[in-house]
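Have a look at the structure below before the remarks.
For this chain, numbers begin at 1 and follow the sequence in order.
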Amino acid sequence: MKKNNWDEAIIDPSVLSDAAEIKGQKIGNNIFVFQIPLKNTNINSWYTLSIKLKEKRQIKIVTTAIKIRRTDQLPRKVTLSNFNKIANESTPFNSGSALTQMIEEEYGKKISQEDFRDIIDYLKKTSKWKDADFQTWRLLLKRALSSPAKDLNEFIKLEDENDGHPE
């Protein structure tokens, strides 16, 4: 079996870097060095990277796994400047709806806190989960936010059209 002598190696660092593909520096037969600028938000973990190997007209794609261990801890508190706004509750117990309304408006979807709360209450009622209050902001919120509906009637109509599954 012939052992390839790769001419070029290109890595896709997108899982841990904002950089585009990076060409490796060849320092020996099949030995390449890559300089990858890391995101400052990477956590301690294993990462899988795709490497494209080239030899004349032959291309082979392989993967490698690397482990990153942070020396500096991530900050405990971060201010998201996009959402450095005040979200006022229209009624007590509407804090989640107020935050949702603020974020949705940022992305062009107008929905009132009351309409959003109606959708959440409907999902809780129809979910038949005994722990629906706990599940609300973990699963039901995701389902409600993934809908383009702007009020409960529109939400129910879209749910019926899709047999209860968002597209």
Tell me, yes or no, whether the heavy-atom count around E154 atom CD, taken from other residues, nucleotides or ligands under 6.0 Å, exceeds 12.
yes
With a 4.5 Å cut-off on side-chain heavy atoms, are D12 and I51 touching?
no
Does the side chain of K56 reach to within under 4.5 Å of the side chain of D7, using non-hydrogen atoms?
yes
Kindly say whether I43 contributes a backbone atom to a donor-acceptor pair with the side chain of R69 at under 3.5 angstrom?
no
Rounded to the nearest 0.5 Å, what's the gap from CD1 on I119 to OG1 on T100? Could you check?
10.0 Å
Does one hydrophobic cluster hold both I36 and I27, with members joined at side-chain heavy-atom distances below 4.5 Å?
no
Please determine whether a side-chain nitrogen of the Lys or Arg among K110 and E104 lies less than 4.0 Å from a carboxylate oxygen of the Asp or Glu.
no
Checking K23 against E8 for the salt bridge (charged side-chain N to carboxylate O under 4.0 Å, His left out) test, could you report, in this order, the C-alpha distance in whole Å, the side-chain angles of both residues, the deciding distance, and whether it holds?
CA-CA 7 Å; K23 186 175 177 180; E8 185 178 38; 3.2 Å; yes
Basic-acidic side-chain contact under 4.0 Å: E161, K157:
yes
Non-hydrogen side-chain atoms of L53 and I61 separated by less than 4.5 Å:
no
Any side-chain to backbone donor/acceptor pair from N30 onto W6? Under 3.5 Å, distance only.
yes
Is F155 close to L123 at the side-chain level, that is, under 4.5 Å between some pair of heavy atoms?
yes
Please determine if K125 and D121 form a salt bridge, counting it only when a charged side-chain N lies under 4.0 Å from a carboxylate O.
no
Nearest atoms (heavy-atom pairs only) where Y122 meets L152
CB-CD1, 3.5 Å
In this structure, CG of D118 is separated from OG of S97 (nearest 0.5 Å) by 9.0 Å
For the student: nearest non-hydrogen atoms of I111 and A149, plus distance
CD1-O, 3.9 Å
Side-chain touch W46/I66, heavy atoms, less than 4.5 angstrom:
no
Can you give me the closest heavy-atom contact between N4 and Q58, atom names plus distance?
ND2-OE1, 2.9 Å
Does R70 reach the main-chain N or O of N42 with its side chain, forming a donor-acceptor pair under 3.5 Å?
yes
Determine, using the 4.5 Å side-chain heavy-atom cutoff (strictly less than), whether I10 and I59 are members of one ILVMFWY cluster.
no
State whether a side-chain donor-acceptor pair under 3.5 Å links E114 with S90.
yes
Would a distance-only check, ignoring hydrogens and angles, find a side-chain to backbone donor-acceptor pair under 3.5 Å from S17 to L38?
no
Out of curiosity, does I11 fall in the hydrophobic cluster containing V62 (side-chain heavy atoms, cut-off under 4.5 Å, transitive links)?
yes
Closest approach of L158 to P148 (non-hydrogen atoms, all atoms of both residues)
CD1-CG, 3.8 Å
Of all heavy-atom pairs between P13 and L49, which one has the smallest distance, and what is that distance?
CA-CD2, 4.1 Å
Side-chain heavy-atom pair D18, K39 within 4.5 angstrom cut-off:
yes
Interatomic spacing from CZ in R117 to CG in D115 - rounded to 0.5 Å
13.0 Å
Give a yes or no on this: more than 12 heavy atoms of other residues, nucleotides or ligands lie within 6.0 Å of atom NZ of K109.
yes
Please report the closest heavy-atom contact between Q35 and I22, naming both atoms and the distance.
O-CD1, 3.5 Å
Less than 3.5 Å apart, any donor N or O on the side chain of N5 or E55 sitting next to an acceptor on the other?
no
